[in-house]
Amino acid sequence: THEELYNAVKHHVENTILSLFGLEDGVFEFIENMLPGNEVITLKMSTANLIYHGIKNINNFNILRKEVPPMNAIIHLSSDPEDLYQNIILDQAGKKVISCIDNKATVKDIILSTKLDRFEVLKTVCALLNARIISLAQEVDLPEELLKDFIREIPEDESGPVVDPALRKLTDDMYKKYENLGYYGVLGVKDNASPHEIKRAYYKAAKQFHPDIHFQYADDSLKNKLSSIFAYIYEASSTLLNSQKRREYDRTISFKATRYINPKDKAFAKFEKGKVYFDIGEYLKAEDLFRQTISYNNKRPEYHYYHGLTYIKLDKLTLAKESLMNAYKLAPYNDEYIAQLGTVYLRLGFKTTARGIFKKALRISPDNAMALEGLKNAGKD
């Protein structure tokens, strides 16, 4: 059955990856290529989970010797939600080690408290450190209940992880209003909230909306909404935790209800601002604004086109290809979009595909200079 085949392939791939952690020496070759788009089986795996269990599979202490922290080192849970709330399935040893972390316990204390084999505890500590779930540096002081409930079970059916209807509703509701809430509102704090209250609110919001927590879901619409929401939450917390930025925000904020603005109008405003940053060479800012533009309105081909141009400037060619492909799908007879897509394929090394794309552009506009130059550089069939 499909489910049996999926589980067998996933098990085989996981075992192949996990077996690499026991190697003490070796060489590798990295070849950048396009991700397959229409595989029969597409696997979504958590990097943190593979790292954790790969290290736990190591049975040679010499491999881990350099990774083991001193016995008197105090262990802390990570202060970064992006690390803490990764999709990871802990074994019993991992859960026991986590339960002993109280910002005071040393590695030696944890060994004594868990009553586990010493090597098992050291492997677990190394695995948690490399997965960035724990740290040797204490950076924040937050309530224990916010830091210790990140271990969770995700229901699955034969098609994969099942999206909790409550999560979908929570996300949809927040997506409709998050910008209108403002920085204080999206975090659910008062305008006189202390830094500690803001940090606490940020953690609570991260547990709900951080896209990395929900990466395993196949619903792209849900993940895009989560990404937009969390980007705003992060922007809110970083602004309010910076005293100068907070004062500036407080001076400009209006605490009256914000009138409804049509998403298409928001998209156009973001797009025009993004083009300004693009023209002055501020490509990271431009990319962020074009991404926001598309989150409001993904039906305008020029929005995807400029997003693709920005990715080219940032040398993120695979992402550029995807954006330009979206532009092409919305405007299949725009020779400029097609020619630009061809140049990306050419830079990625796909000369045959690039030639076909350039020829398509030239059938629409025989004098397209970019297509003519690209076809020349792509060589003969």
Inset, instruction - Sort out for me which residue in L324, T318, L319 forms a side chain to side chain contact (heavy atoms under 4.5 Å, CB included) with V344. - result: L324

Legend entry - Same cluster (ILVMFWY, side-chain, under 4.5 Å), L289 and L284: no

Legend entry - Ring centres under 6.0 angstrom apart (Y303, H307): no

Legend entry - Donor-acceptor pair between N7 and H11 side chains, under 3.5 angstrom: no

Inset, instruction - Answer whether the closest heavy-atom distance between the side chains of Y52 and I89 falls below 4.5 Å. - result: no

Inset, instruction - Identify the two heavy atoms, one from C126 and one from I55, that lie closest to each other, and give their separation to 0.1 Å. - result: O-CD1, 4.0 Å

Legend entry - Residues which pass side chain to side chain donor-acceptor pair (under 3.5 Å) with R246, listed by chain and number, not counting sequence neighbours: Y184

Legend entry - From CG (L348) to OG1 (T353), nearest 0.5 Å: 10.0 Å

Inset, instruction - Answer yes or no: is there a side-chain heavy-atom contact under 4.5 Å between L90 and L128? - result: yes

Inset, instruction - Calculate, to the nearest 0.5 Å, the distance between atoms CD1 and CD1 belonging to I75 and I133 respectively. - result: 13.0 Å

Legend entry - Sidechain-backbone polar pair: K123 side chain, K56 backbone, donor-acceptor under 3.5 Å: yes

Inset, instruction - Kindly check if the number of other-residue, nucleotide or ligand heavy atoms within 6.0 Å of OH (Y234) is above 12? - result: no

Inset, instruction - Specify the closest pair of heavy atoms between A354 and L346, including all atoms of both residues, with the distance to one decimal. - result: CB-N, 3.7 Å

Inset, instruction - Measure from the side-chain N and O atoms of H304 to the backbone N and O of M325, and report whether any donor-acceptor pair falls under 3.5 Å. - result: no

Inset, instruction - I would like to know whether Q92 and K95 meet side-chain contact (heavy atoms from CB on, under 4.5 Å); could you show each step before the answer? - result: CA-CA 5 Å; Q92 288 302 313; K95 293 177 181 178; 4.1 Å; yes

Legend entry - Under 3.5 Å side-chain donor-acceptor pair for E336 and Y305: yes

Legend entry - Polar contact flag, side-chain donor to acceptor under 3.5 angstrom, Y183-K245: no

Legend entry - Results of side chain to side chain donor-acceptor pair (under 3.5 Å) for R347 - residues two or more places apart only: D315

Inset, instruction - Please check if F21 and I63 belong to a single hydrophobic cluster, counting links between Ile, Leu, Val, Met, Phe, Trp and Tyr side chain heavy atoms closer than 4.5 Å. - result: yes

Legend entry - Pair S323, N326: side-chain N/O donor-acceptor within cut-off below 3.5 Å: no

Legend entry - V125-I74 co-clustered via ILVMFWY side chain contacts under 4.5 Å: no

Inset, instruction - Would you please say whether a donor-acceptor pair under 3.5 Å links the side chains of R355 and T352? - result: yes

Inset, instruction - Heavy atoms only: give me the nearest Y328-K360 pair and the separation to one decimal. - result: OH-NZ, 3.2 Å

Legend entry - Enclosure of Y175 OH (heavy-atom neighbours >12, cutoff 6.0 Å): yes

Inset, instruction - For residues 20-32, pull every pair meeting salt bridge (Lys or Arg N to Asp or Glu O under 4.0 Å), keeping only residues two or more places apart or in separate chains. - result: none

Identify each donor-acceptor pair in which a side-chain atom of residues 274-282 lies under 3.5 Å from a protein atom, sequence neighbours left out, and give them as a table.
none

Inset, instruction - Could you check whether the rings of F290 and Y306 sit parallel, tilted or perpendicular, using 30° and 60° as the cut-offs? - result: tilted

Legend entry - Flag, side chain of N297 to backbone of K264, donor-acceptor distance under 3.5 Å: no

Determine all donor-acceptor pairs shorter than 3.5 Å in which one atom belongs to a side chain in residues 363-373; sequence neighbours excluded.
{"residue": "S365", "atom": "OG", "partner": "D367", "partner atom": "OD1", "Å": "2.9"}
{"residue": "N368", "atom": "OD1", "partner": "M370", "partner atom": "N", "Å": "3.1"}
{"residue": "N368", "atom": "OD1", "partner": "A371", "partner atom": "N", "Å": "2.9"}
{"residue": "N368", "atom": "ND2", "partner": "D335", "partner atom": "OD2", "Å": "2.6"}

Legend entry - NZ/NE/NH1/NH2 to OD/OE distance under 4.0 Å, D173 and K177: no

Legend entry - Cluster check I134, I58: I/L/V/M/F/W/Y, side chain < 4.5 angstrom: yes

Inset, instruction - For E67 and L64, indicate whether the former's side chain and the latter's backbone hold a donor-acceptor pair under 3.5 Å. - result: no

Inset, instruction - Hey, could you give me the NZ/OG distance between K266 and S295, rounded to the nearest 0.5 Å? - result: 9.5 Å

Legend entry - Whether S113 side chain and I110 backbone form a donor-acceptor pair below 3.5 Å: no

Inset, instruction - Would you mind checking if R247 and D250 are paired as a salt bridge, meaning a charged N to carboxylate O distance below 4.0 Å? - result: no

Inset, instruction - Give the minimum heavy-atom separation between I357 and I338, together with the two atoms involved. - result: CG2-O, 3.1 Å

Legend entry - ILVMFWY cluster, I51 and L136 together (side-chain gap under 4.5 Å): yes

Inset, instruction - Please check if any side-chain donor atom of Q340 sits under 3.5 Å from a side-chain acceptor atom of T343, or the reverse. - result: yes

Legend entry - N192: side chain to side chain donor-acceptor pair (under 3.5 Å) partners, not counting sequence neighbours: none

Legend entry - For I88 against A131, the heavy-atom pair lying closest together: CD1-CB, 4.4 Å

Inset, instruction - List the steps, then state whether side-chain contact (heavy atoms from CB on, under 4.5 Å) holds for L375 with K359. - result: CA-CA 8 Å; L375 193 60; K359 290 178 180 178; 4.2 Å; yes

Inset, instruction - Answer yes or no: are there more than 12 heavy-atom neighbours, outside Y333 itself, under 6.0 Å from its atom OH? - result: no

Legend entry - Taking every non-hydrogen atom, the tightest pair across E197 and S194: OE1-N, 2.8 Å

